[in-house]
Colleague: 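Structure incoming, see below.
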Amino acid sequence: MTSNAPTLGFIGLGVMGEPICRNIAVKSGLRTLAYDLDAAPVRRLGDAGVVEAPDLSAVAAEADTIFLSLPGGREVEQVVAGSGGLLAQARQGQTIVDLSTTPVALTRRLAGLCETLGVFYADAPVARTRAAAQAGTLSIMVGAPPELFARLQPLLAHAASDVTHCGEVGCGQIVKIMNNMILAETVIALCEALAIGTAAGIDGRVLFETLSKGSADSFALRNHGLKAILPREFPKPAFSTAYMMKDLDYALELAGQGGITAQGAALARDLLARAHEAGHRDEYWPVVSTVISGH
């Protein structure tokens, strides 16, 4: 940040990015430039005072701190280090904050490239739902040196009720990837319980609501189970089957690097692949329940 009134940049205004950008722009009161391949969300943010940037170059040229909210590692790498990316015209002292879920090794490599140019880099992936993004009550897991975290925390707090410093660069991604791995495996267990329980004669709502009162209670049960799996509501756009598969691939990559066989994650990934192949690629990922139940 370069002055008493820094300019913020925001790249990627999808399901999570748009409400995060809105909250940070409105609550910080700072001039905010935004860019997305789809102009519609940028224009919707106009009522929040967000300025539409014509391209990445404009964001790189004007913004002091740039937030990324992109589909995954491939897009993050292209935006940061690709031809015409942010580092092509980086200024010493700029800060890049990756809110996306990105492979740990890539995160650390990009941070190293930034360091050689005098650019600060932090990974700050987000967890919880789109409703939480809209309400500004996300959980954000940050990997950054302590002094950089201290600078970023007030901005991130505009979008989150929990902002946790997890360690050096890459550690935020580790926690987020493990979060989604555990969530996926828990949802698979819920899908199996619903299929087995209803086949045996229990009403699905009675099953889930009663489980929520016991030791099987979880965020996944109360949100994914009761709000998506049970009513069979798998909307688009949302956090899709393809996105969860990607995150499980990152988890399995980390497991392999540590010499660990992650059987639960591998099973969850296989079931999601079957949902993908059945035509559910873009639906909200608990649609995997239809594969497990057979209907």
Side-chain angles (χ1 to χ4, degrees), residues 14-16 71-72 100-101 125-133 137-141 162 173-200 202-255 260-295:
V15 171
M16 302 296 275
S100 324
T101 305
V126 305
R128 297 181 182 151
T129 62
R130 176 173 173 80
T137 56
L138 291 168
S139 172
I140 302 183
M141 297 143 277
D162 294 281
Q173 296 294 354
I174 294 170
V175 177
K176 172 59 189 296
I177 292 166
M178 293 300 97
N179 177 87
N180 280 18
M181 182 187 79
I182 293 167
L183 176 62
E185 293 183 43
T186 305
V187 167
I188 296 301
L190 290 170
C191 294
E192 290 181 342
L194 183 63
I196 294 166
T198 55
I202 187 71
D203 177 80
R205 180 160 295 278
V206 171
L207 174 65
F208 275 5
E209 288 183 350
T210 307
L211 289 175
S212 74
K213 301 170 186 175
S215 55
D217 186 29
S218 67
F219 176 92
L221 172 55
R222 285 176 274 109
N223 286 272
H224 301 75
L226 286 165
K227 297 178 183 178
I229 297 168
L230 195 63
R232 298 175 66 85
E233 294 182 1
F234 313 116
K236 308 177 198 174
F239 192 82
S240 68
T241 299
Y243 278 13
M244 184 54 90
M245 285 176 62
K246 166 189 66 73
D247 289 359
L248 286 170
D249 285 339
Y250 296 165
L252 290 167
E253 178 183 340
L254 270 182
I260 296 163
T261 301
Q263 296 181 26
L267 172 61
R269 205 276 181 198
D270 177 66
L271 289 166
L272 282 160
R274 287 168 54 189
H276 186 288
E277 292 161 5
H280 303 301
R281 179 188 187 281
D282 297 319
E283 292 174 71
Y284 187 35
W285 72 273
V287 72
V288 69
S289 62
T290 62
V291 170
I292 293 170
S293 66
H295 55 81

Colleague: Looking at every heavy atom in both Leu230 and Gly204, which two are closest together, and how far apart are they?
Modeller: CD1-C, 3.6 Å
Colleague: Side chains of residues 271-284: which donor-acceptor partners sit under 3.5 Å, not counting sequence neighbours?
Modeller:
from, atom 1, to, atom 2, distance (Å)
His280, ND1, Glu283, OE2, 2.6
Tyr284, OH, His224, NE2, 3.4

Colleague: Identify the heavy atoms of Ala228 and Phe234 that sit nearest to each other, and give their distance.
Modeller: O-CE2, 3.5 Å
Colleague: Can you name the side chain to side chain contact (heavy atoms under 4.5 Å, CB included) partners of Val126, sequence neighbours left out?
Modeller: Met16, Ile20, Leu99, Leu138, Ile140
Colleague: Can you name the side chain to side chain donor-acceptor pair (under 3.5 Å) partners of Thr241, sequence neighbours left out?
Modeller: none
Colleague: Atom CD1 in Ile182, atom CZ in Phe219: separation rounded to 0.5 Å?
Modeller: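 The distance works out to 13.5 Å.
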Colleague: Which residues pass the side chain to side chain contact (heavy atoms under 4.5 Å, CB included) test with Ala184, not counting sequence neighbours?
Modeller: Met244, Leu248, Ala268, Trp285
Colleague: May I have all residue pairs that pass salt bridge (Lys or Arg N to Asp or Glu O under 4.0 Å) and include part of residues 222-249, sequence neighbours excluded?
Modeller: Asp217-Arg222, Asp249-Arg269
Colleague: Excluding sequence neighbours, so at least two apart, what forms ring-ring contact (aromatic ring centres under 6.0 Å, His included) with Tyr243?
Modeller: Phe239
Colleague: Restricting to non-hydrogen atoms, name the atom on Pro237 and the atom on Val15 that form the minimum distance, rounded to 0.1 Å.
Modeller: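 Nearest heavy atoms, Pro237 then Val15: CB-CG2, 3.8 Å.
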Colleague: Write down the atom of Ala266, the atom of Leu252, and the distance for their closest heavy-atom approach.
Modeller: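 Scanning both residues, the minimum pair turns out to be N-CD2, 3.9 Å.
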Colleague: Taking only residues two or more places apart in sequence or in another chain, which ones pass side chain to side chain contact (heavy atoms under 4.5 Å, CB included) with Ile202?
Modeller: Val206, Leu207
Colleague: For Thr137, check side chain to side chain contact (heavy atoms under 4.5 Å, CB included) against everything at least two apart and list the hits.
Modeller: Ala132, Ala135, Ser161
Colleague: Tell me every residue that passes side chain to side chain donor-acceptor pair (under 3.5 Å) with Asp162, counting only those two or more places apart in sequence or in another chain.
Modeller: Arg128
Colleague: Which residues pass the side chain to side chain donor-acceptor pair (under 3.5 Å) test with Ser100, sequence neighbours left out?
Modeller: Asp98
Colleague: Does some side-chain heavy atom of Thr290 sit less than 4.5 Å from a side-chain heavy atom of His295?
Modeller: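 No; the side chains remain at least 4.5 Å from each other.
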Colleague: Using distance only, find each side-chain donor-acceptor pair of residues 188-197 under 3.5 Å and give its atom names and separation, not counting sequence neighbours.
Modeller:
none

Colleague: Not counting sequence neighbours, list each pair that qualifies as a salt bridge (Lys or Arg N to Asp or Glu O under 4.0 Å) and has a residue in residues 178-187.
Modeller: none
